[in-house]
Amino acid sequence: MGTGHYFWAIFYFASLCSASLANNAKINFREKEKKVLDQILGAGKYDARIRPSGINGTENLPTYVYVNMFLRSISKIDDYKMEYSVQLTFREQWTDERLKFDDIQGRLKYLTLTEANRVWMPDLFFSNEKEGHFHNIIMPNVYIRIFPNGSVLYSIRISLTLACPMNLKLYPLDRQICSLRMASYGWTTNDLVFLWKEGDPVQVVKNLHLPRFTLEKFLTDYCNSKTNTGEYSCLKVDLLFKREFSYYLIQIYIPCCMLVIVSWVSFWLDQGAVPARVSLGVTTLLTMATQTSGINASLPPVSYTKAIDVWTGVCLTFVFGALLEFALVNYASRSGLNKPNMHKDNIKKKRRDLEQASLDAASDLLDTDSNATFAMKPLVRHPADPLALEKLRQCEVHMQPPKRPNCCKTWLSKFPTRQCSRSKRIDVISRITFPLVFALFNLVYWSTYLFREEEDE
């Protein structure tokens with residue numbers, strides 16, 4: 001009986017001791033983390049100015065830094081300034097043998113810091129950066145994780161405005177490649193080498209929306225640069241953007257086509273409606289010029305001809321040509337082309353004079369004694385009458401053989417040759433010529449630039 005009491009007393013005491021030890025372990029766990037930080041980062045124990053050694057503590061090998069990033073958004077792509085803005089989470093990972101610590105049997109997975117100046121940091125910079133800033137709302141968006149094996153992970157959220165040189169020869173049927181370049185500023189490749197992290201070094205947020213572009217794909221590459229001071233490690237990401245053509249089709253191409261077609265309305269107006277035709281021509285010309293100026297205002301001044309320049313230039317030429325056509329019609333209707341009609345009138349007058357002279361001569365021959373009588377002869381030619389045959393030969397008219405009809409002349413002959421007929425013909429020819437030439441230009445334009453776009457792809 002006494003032995004049983006002793007056994008339960010010992011068991012109860014052991015349970016209390018184990019609970020007390022467990023509580024002490026929970027309480028002392030953060031204390032242990034603090035001791036580890038003081039141990040590895042304490043004063044006189046770690047110098048953040050000295051770079052880590054190479055692999056396995058090798059002094060002669062460079063420090064390898066593995067880079068990866070997560071593209072959160074691309075806010076704008078500016079054609080005029082040739083730049084784009086991006087927000088990303090940037091990460092670097094390297095190994096520092098001086099930061100190894102005991103993980104307490106796997107219970108301490110990593111240590112977290114928010115002060116980047118406590119440990120050594122790679123001197124990476126973005127070589128094509130124009131502007132940039134960190135995010136400090138609500139707290140600075142940065143952290144450093146130190147793992148038991150000495151591996152260091154640095155992560156920060158930043159927003160950058162980067163330069164993006166563009167070739168606008170095919171604008172707006174173009175594709176642009178914008179790069180993001182990262183390089184070491186002071187450490188050469190003998191001391192520091194940047195490498196892309198294996199697997200998926202660049203990640204893009206799902207459902208990335210851009211105003212006028214589509215991100216087709218991205219490529220990672222290396223871009224080490226050599227200068228007078230040595231060779232520096234460099235990484236780059238090439239982002240391939242395709243311009244959305246639907247916006248420009250609605251805002252530029254269709255309005256320009258409509259302006260050109262409206263300028264052709266003057267061909268169907270009466271040539272005497274001078275105020276209407278002049279107003280229509282000048283209005284379409286000024287509207288087309290304003291449209292062209294608005295397009296060029298949003299683009300940088302470049303030394304080469306863009307695809308949009310060819311389009312607007314030809315449309316402006318068609319509108320200007322319609323205005324010049326009315327000037328020609330008005331000139332032809334008033335004086336310029338009426339001289340041939342005056343020449344025809346003179347010929348007809350001379351012909352009437354000759355006919356009148358012939359009639360007078362015949363009257364003189366038939367004019368005899370007023371008492372003479374003349375027998376009416378039948379209007380039938382006798383074959384045996386030599387006098388009739390002789391007169392027939394004298395009066396024979398030699399006709400030219402009929403010519404083969406010409407379609408254009410037959411169509412144009414429908415318009416009489418009056419004073420205003422020549423100007424009317426110019427209008428009719430313009431109704432057919434202008435649309436046909438414009439349709440031919442569209443065929444050449446779209447086949448040329450769409451084919452060049454496929455070649456670039």
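Nothing fancy with the numbering, it's 1 onward along the sequence.
The structure places CG of Leu210 at 14.0 Å from NZ of Lys242, a figure rounded to the nearest 0.5 Å. Distance check, rounded to the nearest 0.5 Å: OG1 of Thr312 to CD1 of Ile252 gives 8.5 Å. For the atom pair Leu239 CG and Gln176 CD, the distance stands at 12.5 Å (nearest 0.5 Å). In this structure, CD1 in Ile295 is found 10.5 Å from CH2 in Trp311, a value given to the nearest 0.5 Å. The NZ atom of Lys226 sits 8.5 Å away from the OG1 atom of Thr189 when rounded to the nearest 0.5 Å. To the nearest 0.5 Å, atoms CZ (Phe134) and CG (Asn136) are separated by 8.5 Å.
In terms of modelled atom types and a separation under 3.5 Å, the side chain of Arg98 and the main chain of Asp47 share a donor-acceptor contact. When atom types are taken as modelled, the side chain of Arg72 and the backbone of Val205 share no donor-acceptor pair closer than 3.5 angstrom. A donor-acceptor pair under 3.5 Å is absent between the side-chain atoms of Ser151 and the main chain of Phe147, judged by distance alone. At least one donor-acceptor pair closer than 3.5 Å links the side chain of Asp123 to the backbone N or O of Gly186. Looking at Asn141, its side chain does come within 3.5 Å of a backbone N or O of Met139 through a donor-acceptor pair.
The shortest distance between side-chain heavy atoms of Leu240 and Phe218 does not fall below 4.5 Å. Put simply, the side chain of Tyr232 does not reach to within 4.5 Å of the side chain of Asn224, judged on heavy atoms. Using a 4.5 Å heavy-atom threshold, the side chains of Pro122 and Leu192 count as touching. In this structure the side chain of Trp187 never reaches within 4.5 angstrom of the side chain of Ser233, judged on heavy atoms. Looking at heavy atoms from C-beta onward, Asn68 lies in side-chain contact with Arg91 at the 4.5 angstrom threshold. Contact check for Leu71 versus Leu208: no side-chain heavy atoms found under the 4.5 Å cut-off. Side-chain contact check for Ser298 versus Tyr80: every heavy-atom pair is 4.5 Å or farther apart. Side chains of Met182 and Phe194 form no contact here, defined as non-hydrogen atoms less than 4.5 Å apart.
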- Message: If you apply the rule side-chain contact (heavy atoms from CB on, under 4.5 Å), what do you find for Val260 with Val314, and how did you get there?
- Response: CA-CA 10 Å; Val260 173; Val314 172; over 6 Å; no
- Query: Which is it for Val65 and Val193 under the side-chain contact (heavy atoms from CB on, under 4.5 Å) test, yes or no, and what are the steps along the way?
  - Reply: CA-CA 6 Å; Val65 179; Val193 175; over 6 Å; no
- Would Cys257 and Cys315 count as a disulfide (SG to SG under 2.5 Å) if you check the C-alpha gap in whole Å, the side-chain angles of each, and the deciding distance to 0.1 Å? CA-CA 7 Å; Cys257 284; Cys315 291; 5.8 Å; no
- May I have the step-by-step check of side-chain contact (heavy atoms from CB on, under 4.5 Å) for Cys164 and Met82, ending in yes or no? CA-CA 5 Å; Cys164 179; Met82 290 193 179; 5.6 Å; no
- Step by step, work out the salt bridge (charged side-chain N to carboxylate O under 4.0 Å, His left out) result for Arg51 and Asp191. CA-CA 8 Å; Arg51 74 169 180 88; Asp191 299 317; 3.6 Å; yes
- side-chain contact (heavy atoms from CB on, under 4.5 Å) between Trp94 and Met121: does it pass, once the steps are laid out? CA-CA 9 Å; Trp94 65 95; Met121 294 291 299; 3.7 Å; yes
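In this structure, Tyr304 places its OH atom where more than 12 heavy-atom neighbours from other residues, nucleotides or ligands lie under 6.0 Å away. Around OH of Tyr185, the count of heavy atoms belonging to other residues, nucleotides or ligands within 6.0 Å does not exceed 12. When the shell of 6.0 Å around OH of Tyr143 is examined, it contains more than 12 heavy atoms from other residues, nucleotides or ligands. Annotation: Lys130, atom NZ; neighbour count of heavy atoms from other residues, nucleotides and ligands within 6.0 Å is above 12. Within 6.0 Å of the OH atom in Tyr222, the count of heavy atoms belonging to other residues, nucleotides or ligands exceeds 12.
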Please output the side-chain donor-acceptor pairs of residues 278-291 that fall under 3.5 Å, not counting sequence neighbours, one pair per line with the distance.
| from | atom 1 | to | atom 2 | distance (Å) |
| --- | --- | --- | --- | --- |
| Ser279 | OG | Pro275 | O | 2.7 |
| Thr283 | OG1 | Ser279 | O | 2.6 |
| Thr284 | OG1 | Leu280 | O | 2.9 |
| Thr284 | OG1 | Gly281 | O | 2.9 |
| Thr287 | OG1 | Thr283 | O | 2.7 |
| Thr290 | OG1 | Leu286 | O | 2.8 |
| Gln291 | NE2 | Gln251 | O | 3.2 |

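For the residue pair Thr89 and Arg157, no side-chain donor N or O sits within less than 3.5 Å of a side-chain acceptor on the partner. For Ser75 and Ser73, the side-chain atoms include no donor-acceptor pair closer than 3.5 Å. If you check the side chains of Tyr46 and Asp96, you find a donor sitting under 3.5 Å from an acceptor. Side-chain N/O atoms of Thr161 and Glu129 include no donor and acceptor closer than 3.5 Å.
Across all non-hydrogen atoms, the minimal contact from Pro52 to Thr95 is CB-O, 3.6 Å. Across all non-hydrogen atoms, the minimal contact from Pro435 to Ser430 is CD-O, 3.7 Å. Of all heavy-atom pairs spanning Thr188 and Gly230, the tightest one is CG2-CA, 4.4 Å. The minimum heavy-atom distance between His209 and Asn207, with the atom names listed, is CD2-O, 3.1 Å. Scanning both residues, Ser179 and Tyr84, for their nearest heavy atoms gives O-OH, 2.9 Å. Smallest separation of non-hydrogen atoms from Asp309 and Thr305: CB-CG2, 3.9 Å.
Using cut-offs of 30° and 60° for the angle between ring planes, the Phe245 and Trp446 rings count as perpendicular. Aromatic ring pairs are classed by plane angle as parallel below 30°, tilted from 30° to 60° and perpendicular above 60°; the pair Phe441 and Phe318 is tilted.
Within the 6.0 Å centre-distance limit, the rings of Phe90 and Phe126 are counted as a close aromatic pair. Proximity of the aromatic rings of Tyr248 and Tyr253 is defined here by a centroid distance below 6.0 angstrom, and this criterion is not met. For an aromatic pair to be called close, the ring centres must be under 6.0 Å apart, and Tyr445 with Tyr449 satisfies this. Checked against the 6.0 Å centroid threshold, Trp264 and Phe438 count as a close aromatic pair.
Salt bridge status for Glu325 with Arg277: present, with a side-chain N to carboxylate O gap under 4.0 Å. Ion pair Asp38/Lys34 flagged as a salt bridge, since at least one NZ, NE, NH1 or NH2 atom sits closer than 4.0 Å to an Asp/Glu carboxylate oxygen. Under a 4.0 Å N-O distance rule, the pair Arg243/Asp79 qualifies as a salt bridge. A salt bridge does not link Arg425 with Asp427: every distance from a Lys NZ or Arg NE/NH1/NH2 to an Asp or Glu carboxylate oxygen is 4.0 Å or more.
In this structure, Arg431 forms a cation-pi arrangement with Trp268, its terminal cationic atom sitting closer than 6.0 Å to the ring centre and no more than 45° off the ring axis.
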